[in-house]
J.: 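Starting off with a structure, shown below.
First listed ligand is number 1; within each ligand, the first listed atom is number 1. Just so it is clear, the structure is predicted and the values come from calculations on it, not from any experiment. When a residue number appears, it is its place in the shown sequence, counting from 1.
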Amino acid sequence: MKDYKEIIAKILVDENIGLEYEEIKNTIETPPDKNMGDYAFPCFKLAKIKRNAPNKIAEEIADSIKKNENIEKIISTGPYLNFFVDKTLLAKNIIEEVKSKGEMYGSSDIGKGKNVVVEFSSTNIAKPFHIGHIRSTVIGNAINKIYKFCGYNTTAVNYIGDYGTQFGMMISAYKLWGDDEKINANPIKELLKLYVDYNTLAKEDPEKMDEARRWFSELENENPEAVELWKWFKEVSLSELDRVYNMLGVEFDSYNGEAFSSQFVDDIIKELREKDLLVKSEGAEIIDLEDENLPNMIVIKSDGSSTYITRDIATAIYRKKEYEFEKNIYVVGSQQILHFNQLIVTLKKMGYDWAEECIHVPFGMVSLKDQTLSTRKGQVVFLEDVLNKAVEKTLAIINERNPGLDDKEEVAKKVGIGAVIFQELFSNRIKDYVFDWDNTLNYDGETGPYVQYTIARANSIVNKANLSSDEVDYSLLSGEVEFDLLKTLYDFPQRVLEAMEKYEPSYITRQLIEIASAFNKFYNSCPILNADDKTMNARLALTDATRTVLKTGLALLGIQSPEKM
Ligand code: ARG
């Protein structure tokens with residue numbers, strides 16, 4: 001795709017204005033008002049070089065400048081040069097490019113030959129997959145797809161929490177109250193109950209906590225009974241998790257979690273000792289991070305067991321060796337900012353110059369406006385219940401709006417689950433947000449269903465049309481609404497890059513809303529199927545390009561688009 005900033009920078013270089021190409025390119029702005037053109041170049045920097053007032057310089061350049069086919073007109077407005085792009089050529093460039101690249105429009109090869117690890121979801125086994133976990137899963141899944149789209153070779157890792165004292169608690173609890181039948185029938189909920197009840201018990205009777213710790217030690221020492229129970233807890237939990245991942249359309253390349261990393265812990269401790277980084281403190285061994293203004297961290301507890309951070313140190317080193325990553329991205333909530341700071345600082349202290357390639361991508365919390373999904377205790381909302389409810393509510397909406405639709409159930413799944421994902425990815429990830437059903441499912445709001453509906457509308461137009469020829473007269477797309485829509489399509493690849501660089505899928509989410517609303521304006525003011533043949537052809541070409549880009553964008557977010565809605 002032609003980059004207009006590059007075209008304009010080149011024109012100005014040829015004009016010998018006294019600045020280098022790169023500097024010119026970086027100075028080009030987008031004017032606040034459409035009447036001032038599509039791009040503007042402020043002439044303030046030239047005042048010194050040319051020893052003249054910026055207004056005068058702008059005027060002179062506008063008079064003398066050589067035209068370029070891509071630029072329709074260049075004028076001066078005060079100290080600015082304003083550039084108006086050629087609308088017909090823009091339409092031709094974009095539509096032909098989308099047509100030839102299809103759903104790869106906006107992709108690039110910036111990441112070619114580079115490896116990136118994207119860790120996300122990372123749920124704790126035997127604790128519920130609740131609405132809070134959806135954030136990491138959905139944001140991470142989108143980041144993984146966006147990196148792939150930019151040419152990176154990515155590895156999606158689910159660093160499952162399958163280790164630690166809580167497993168000692170589960171084993172103790174199971175030995176007290178365990179009921180195999182119940183657990184097999186409803187693993188996550190039953191295991192959670194064991195865990196919660198045991199916690200309550202241990203608060204009254206500290207002896208019980210000691211017993212749990214003993215069982216975790218047994219697990220670390222590979223006591224067969226402990227290992228067998230742990231494996232079983234893990235198996236039943238994972239298969240239940242998989243059901244949710246399937247609903248969300250999320251896949252991982254690796255499920256290597258904390259237990260996997262624990263095998264490297266002894267070596268890590270040895271390394272830390274050799275590098276003189278361990279300090280004894282009240283029976284435990286810690287790393288002192290005072291010089292970094294960070295709290296100390298416990299590496300080995302007084303009972304000899306390893307900790308969460310020790311396993312993370314081991315994990316990072318393992319990943320560097322295994323994947324030779326350029327970036328090791330952790331999509332984990334903002335409560336763990338301190339943890340990842342400590343991790344990165346420790347890796348640096350150990351002498352690993354790649355520590356800076358470990359990137360924590362934090363996000364804010366989600367709370368629920370409608371609390372009806374809470375359990376009696378009011379804390380845990382199961383993600384699967386939320387997704388099922390989204391599908392159910394969507395089906396009700398479809399039955400009202402379009403009861404004769406084929407495959408209603410399938411469409412309701414794509415739309416309902418897509419709506420939840422879109423909502424998750426709509427705001428800056430770091431913001432806390434309130435999940436609200438009405439906003440999420442509103443067909444006319446800034447939502448997934450709105451974008452999907454726009455695609456379905458475009459599909460129906462393209463399918464109904466009787467095209468007499470493929471030839472498109474692009475000059476018929478130079479009106480203002482068409483141009484506004486074309487510009488949103490033009491911006492799409494740039495938004496993808498920004499989303500990649502900033503680990504921020506919301507750049508794409510928001511651009512999709514821009515595109516969909518520009519399309520709906522176009523649709524409302526430019527009749528398509530009733531226009532004369534030539535106009536119809538041109539408008540159909542634009543409609544076709546729009547639906548392709550919208551679909552691509554949704555796919556990058558992990559959302560499917562139904563053919564009809
Ligand atoms: N399992 C952890 C939790 O749910 C998140 C793991 C984050 N990733 C990591 N490498 N520490 O809190």
Side-chain angles (χ1 to χ4, degrees), residues 116-141 143-144 155-167 169-170 188 191-192 195-196 199 216 230 233-234 237-238 240-241 244-245 250 252-265 268 287 294 297-299 306-323 325 327-347 352 354-355 357-366 379-383 429 503:
V116 166
V117 174
V118 188
E119 183 209 295
F120 61 101
S121 201
S122 303
T123 46
N124 299 319
I125 274 189
K127 285 195 198 162
F129 195 83
H130 63 79
I131 174 102
H133 282 119
I134 193 187
R135 298 226 73 191
S136 172
T137 308
V138 165
I139 297 169
N141 188 43
I143 291 176
N144 185 47
T155 305
V157 179
N158 190 348
Y159 183 66
I160 44 180
D162 52 0
Y163 218 60
T165 323
Q166 77 259 31
F167 284 89
M169 288 171 63
M170 310 259 330
I188 294 204
L191 292 176
L192 174 70
Y195 175 76
V196 170
N199 237 324
F216 178 55
W230 170 80
F233 294 157
K234 190 168 155 174
S237 308
L238 270 183
E240 207 169 327
L241 277 178
V244 180
Y245 291 134
V250 170
F252 296 96
D253 302 305
S254 160
Y255 280 86
N256 284 343
E258 294 189 44
F260 175 83
S261 287
S262 71
Q263 65 179 301
F264 309 119
V265 159
I268 293 303
I287 297 183
L294 289 172
M297 39 185 243
I298 299 180
V299 174
S306 64
T307 62
Y308 180 53
I309 189 110
T310 319
R311 293 189 282 276
D312 254 325
I313 300 170
T315 307
I317 295 170
Y318 164 78
R319 284 184 193 161
K320 184 67 190 180
K321 278 194 198 124
E322 180 71 16
Y323 303 112
F325 59 69
K327 282 180 182 181
N328 175 25
I329 298 170
Y330 297 89
V331 184
V332 182
S334 52
Q335 303 92 321
Q336 297 198 29
I337 288 179
L338 174 63
H339 169 81
F340 285 102
N341 278 340
Q342 289 175 313
L343 172 64
I344 291 165
V345 162
T346 303
L347 290 168
Y352 293 116
W354 47 263
E357 295 164 8
C358 294
I359 294 149
H360 178 207
V361 175
F363 52 81
M365 302 243 281
V366 53
Q379 296 133 342
V380 177
V381 176
F382 291 90
L383 175 57
R429 62 179 153 71
Y503 317 99

J.: Taking 4.0 angstrom as the limit and counting only heavy atoms of Tyr330, give me the atoms of ligand 1 inside it, by number and element.
T.: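 What qualifies from ligand 1 is 10 (N).
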J.: Using a distance-only test with no angle check, is there a side-chain donor-acceptor pair under 3.5 angstrom linking Tyr318 and Gln263?
T.: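 Note: Tyr318 and Gln263 side chains miss the donor-acceptor criterion.
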J.: Less than 3.5 Å apart, any donor N or O on the side chain of His339 or Asp312 sitting next to an acceptor on the other?
T.: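 The criterion, which ignores hydrogens and geometry beyond distance, is satisfied for Asp312 and His339.
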J.: State, without any angle test, whether Lys234 and Tyr163 hold a side-chain donor-acceptor pair at a distance under 3.5 Å.
T.: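 Judged by distance alone, the side chains do not pair up.
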J.: Starting from atom 12 (O) of ligand 1, what is the nearest protein heavy atom, named by residue and atom, and what distance separates them?
T.: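 Answer, as residue, atom name and distance: Gln336 NE2, 3.1 Å.
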J.: So is Arg311 actually on top of Tyr159's ring, under 6.0 Å and inside 45° of the axis?
T.: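 The answer is no; the distance or angle limit is not met.
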J.: Before signing off on this row, confirm whether Thr123 and ligand 1 have an N or O atom pair separated by under 3.5 Å.
T.: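 Between Thr123 and ligand 1 (N or O atoms, distance only) the closest approach is not under 3.5 Å.
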J.: What protein heavy atom sits nearest atom 8 (N) of ligand 1, and how far off is it?
T.: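 Going by distance alone, atom 8 (N) of ligand 1 is nearest to Glu119 OE2, 2.7 Å.
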J.: If you have a sec, work out which protein heavy atom is nearest atom 7 (C) of ligand 1 and how many Å separate them, to one decimal?
T.: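 Checked against all protein heavy atoms, atom 7 (C) of ligand 1 sits closest to Tyr308 OH, 3.3 Å.
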J.: Do me a favour and list the nearest non-hydrogen protein atom to atom 4 (O) of ligand 1 with residue, atom name and distance?
T.: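 Going atom by atom, the protein heavy atom closest to atom 4 (O) of ligand 1 ends up being Asn124 ND2, 3.1 Å.
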J.: In the protein, which heavy atom is nearest to atom 11 (N) of ligand 1, and how far is it?
T.: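 Protein heavy atom at minimum distance: Asp312 OD2, 2.6 Å.
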J.: When only distance counts, is Tyr159 in polar contact with ligand 1, meaning an N/O pair under 3.5 Å?
T.: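 The answer is no, given that Tyr159 and ligand 1 share no N or O pair closer than 3.5 Å.
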J.: At a non-hydrogen distance cut-off of under 4.0 Å, which region of Tyr163 contacts ligand 1 (side chain, backbone, both, or neither)?
T.: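 The answer is neither; Tyr163 stays 4.0 Å or more away.
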J.: Examine the side chains of Tyr245 and Asn158 and answer whether a donor and an acceptor come within less than 3.5 Å of each other.
T.: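 Yes, side-chain donor-acceptor contact under 3.5 Å.
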J.: Find all atoms of ligand 1 within a distance of less than 4.0 Å from any non-hydrogen atom belonging to Val332, and give their numbers and elements.
T.: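 Matching atoms, with element in brackets: 7 (C), 8 (N).
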J.: Contact between Thr123 and His133 at the side-chain level, heavy atoms closer than 4.5 Å - yes or no?
T.: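 The answer is yes, as the side chains (C-beta and beyond) meet within the 4.5 Å cut-off.
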J.: Cationic tip of Lys320 within the cone over Phe325's six-membered ring, i.e. under 6.0 Å and within 45° of the normal?
T.: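 Yes, Lys320 lies over the aromatic ring of Phe325.
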